[in-house]
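Data block below; observations after.
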Amino acid sequence: MARPTFQAAPGTRDLFSPTTDRWRAFTEIFAEEATRAGFGQVALPMFEDVGVFTRLGEASDVVSKELYDFRDKGDRHIALRPEFTASVCRAFAENRQLIPWKAWYAGPAFRYDKPQKGRYRQFEQVGAEVIGSHDPDLDTELIALAVRFYERLGLNDVTLLLNTLGDKADRPGYLDALRTHFESNLDALSEQSRVTLETNPLRVLDSKRPPDAELIAAAPLITDHLSDDAAAAFERVTSGLDSLGIAYTLAPRLVRGLDYYTRTTFEFTSGSLDAAQNAVGGGGRYDGLVSDLGGPDEPGVGFALGIDRTLLACDAAGVFAEPDTTVDVWVVATTGGLDGLAIADELRRGGLSVDRSFDHRSMKAQMKAANRSGAPVAVIVGADEADADTVSVRPLLDDRDQVVVPRAEMLATIKELLPS
Ligand code: AMP
């Protein structure tokens, strides 16, 4: 086939049905779980003033390297959102909501990343955030929301990695300890990590580069630098998870890709994915972010799950298959009149899913299409039926006989034939 004139940009994809039906089902299940947990949906712009995201911390790759930013025609410096949390905080700062404000969202995010399987430049997330409460039980509830959602998908190979990054006041002592540790072993550190060390020693812990592994494993732990309050909050989260029977792995060196986290941080990894791209979701507390974005000093906590990657994990685990999009009825009409149109409309209004052939195809061609569609029932209208104001109803998937019924009984007859 000749190469098309245009192709989707690197790192973006076209998705078709039934893949798109599966994506919609994913989001609908998430919406149901979030609604059950008292969250309302928030719909946010896909682009913001670049400052909304640069406040997230210049030391993270998401901000320093991966932002899709540009000047618009009004010379505003704009960026496509690389994630939702900053926009949620900006929206809260701008339009105060009753607290605790519990919001869920779904939609695309954009990062200028190196495209590969499980890593795209446009990808989709669902997520949930709570602004306005310090209660660590909310951290637990959010984690539970994600875990129960994975359970509903049938994805059982997800590991919850759990850490606390302490409070802002705990940070300088820990950063000093980290800096001392890495600086005294500078030769063993990778070139890039040496640069990261200067801007943010915490981020060195996030390095996946092999030479750094040994030093990271021996690095000081935040748990030795926690305030009593932060330690008690973390203890409350772990006992909450224990009480709900939610398993977790303590990961004292887990730092997330963005710099705004305080206290509880967590990541979900899937055992079905390659280690380099096995994070299917993550989140944590960000107690200073709303005020950093010009809002009131309200704490926040939330998570985001990547749809693309979670579905790859579902594929690998053989769960959460594409939904069945086969129609209930195929209409075969050979009268040349408007019967096909009218019958399809009537059956759809009666609650059935219906499709049919177009272009005045022959009876044989239309029956072939009906069989190929997988629909369990065909409704047939030829000249005889049209004259007698009847239709023929033919089961297609078993050997039950075709019946001729008055048009007025069509819907009821089909409903009886359909598998419940
Ligand atoms: P993060 O805020 O980076 O932890 O992202 C949350 C989740 O979004 C990750 O766990 C991934 O599942 C997903 N994600 C992040 N970046 C990408 C990407 N470039 N392509 C696909 N999914 C991504």
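Counting convention: from 1, in listed order, for ligands and their atoms alike.
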For ligand 1, which atoms have a heavy atom of [X] less than 4.0 angstrom away?
X      : result
Val280 : 10 (O), 12 (O)
Gly118 : 20 (N), 21 (C), 22 (N)
Ala279 : 9 (C), 10 (O), 11 (C), 12 (O)

- So does Arg119 pair up with Asp113, basic N to acidic O under 4.0 Å? yes

Heteroatom distance test ([X], ligand 1): nitrogen or oxygen, under 3.5 angstrom:
X      : value
Asp308 : no
Gly281 : yes
Glu267 : no
Ala304 : no

task: Look at the side chain of Arg356 and the backbone N and O of Val332, then say whether any donor-acceptor pair between them is shorter than 3.5 Å.
output: no

Atom 13 (C) of ligand 1: of Gly282, Gly306, Gly11, the nearest heavy atom sits on Gly306

message: Heavy atom to atom 2 (O) of ligand 1, shortest distance: which of Lys114, Lys117, Glu124, Arg111 holds it?
response: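 Selected option, by shortest heavy-atom distance: Arg111.
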
Polar side chain donor-acceptor pair, Ser353 to Asp328, under 3.5 angstrom: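 There is such a pair (donor and acceptor under 3.5 Å, judged by atom type) between the side chains of Ser353 and Asp328.
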
| Do other residues, nucleotides or ligands put more than 12 heavy atoms under 6.0 Å from Gln402 CD? |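 Above 12, so yes.
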
- Can Arg263 be said to sit on top of Phe234's aromatic six-ring, NZ or CZ under 6.0 Å from centre and within 45° of the ring axis? no

Check your understanding: Do we get Arg81 above Phe84's six-membered ring, with its NZ or CZ under 6.0 Å from the centre and within 45° of the axis?
Key -> yes

